[in-house]
Amino acid sequence: MDSQTKIEAATGTSWGEWVGMLDAIDAGCLPYGEQVELLARTLDVPENERLALARSIVRAYRKK
């Protein structure tokens, strides 16, 4: 299973929606740490999973 599929399964949000949301806020212009913090605050997953999931999303987003 690739990272995008894992992210979709963990969040219930399609990869296309993640990219659209991140593009809409110009996340590509933000430093890595700020991207991670921004996502971690918005994810609706258990707190102990937020940071790792946010990092996964940002890493996949930066590869697009």
Side-chain angles (χ1 to χ4, degrees):
M1 186 181 306
D2 68 8
S3 62
Q4 293 175 2
T5 304
K6 289 178 184 177
I7 291 166
E8 289 176 355
T11 63
T13 300
S14 75
W15 182 246
E17 289 175 282
W18 280 117
V19 170
M21 286 186 272
L22 291 164
D23 284 349
I25 60 167
D26 248 352
C29 295
L30 300 173
Y32 175 81
E34 288 182 39
Q35 290 173 330
V36 171
E37 286 180 32
L38 177 70
L39 283 177
R41 283 184 267 144
T42 62
L43 289 169
D44 188 23
V45 296
E47 188 173 341
N48 63 332
E49 297 174 18
R50 283 186 196 145
L51 193 54
L53 185 54
R55 286 180 180 144
S56 294
I57 294 168
V58 170
R59 280 192 303 269
Y61 178 71
R62 288 176 152 233
K63 288 181 184 179
K64 73 166 183 86

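The two residues Leu53 and Ala10 have their closest heavy-atom pair at CD1-CB, 4.0 Å. Closest non-hydrogen pair, Tyr61 versus Gly28, comes out as OH-N, 3.8 Å. Counting all heavy atoms, side chain and backbone alike, Ser56 lies closest to Ile7 at O-CD1, 3.6 Å. The two residues Ala40 and Ala54 have their closest heavy-atom pair at N-CB, 3.7 Å.
Residues Leu38 and Val58 have side chains not in contact (no heavy-atom distance under 4.5 Å, counting atoms from C-beta outward). With contacts defined as side-chain heavy-atom distances shorter than 4.5 Å, the pair Tyr32/Arg62 qualifies. Within the 4.5 Å cutoff, no side-chain heavy atoms of Thr42 are placed close to those of Met21.
Heavy-atom contacts from other residues, nucleotides or ligands closer than 6.0 Å to CG of Asp2 number more than 12.
Note: Ile57 CD1 to Leu43 CG = 5.0 Å, rounded to the nearest 0.5 Å. Note: Leu51 CG to Glu37 CD = 9.0 Å, rounded to the nearest 0.5 Å.
Without hydrogens or angle criteria, Glu49 side chain to Pro46 main chain gives no donor-acceptor distance under 3.5 Å. The backbone N or O of Val45 sits less than 3.5 Å from a side-chain atom of Arg50, completing a donor-acceptor pair.
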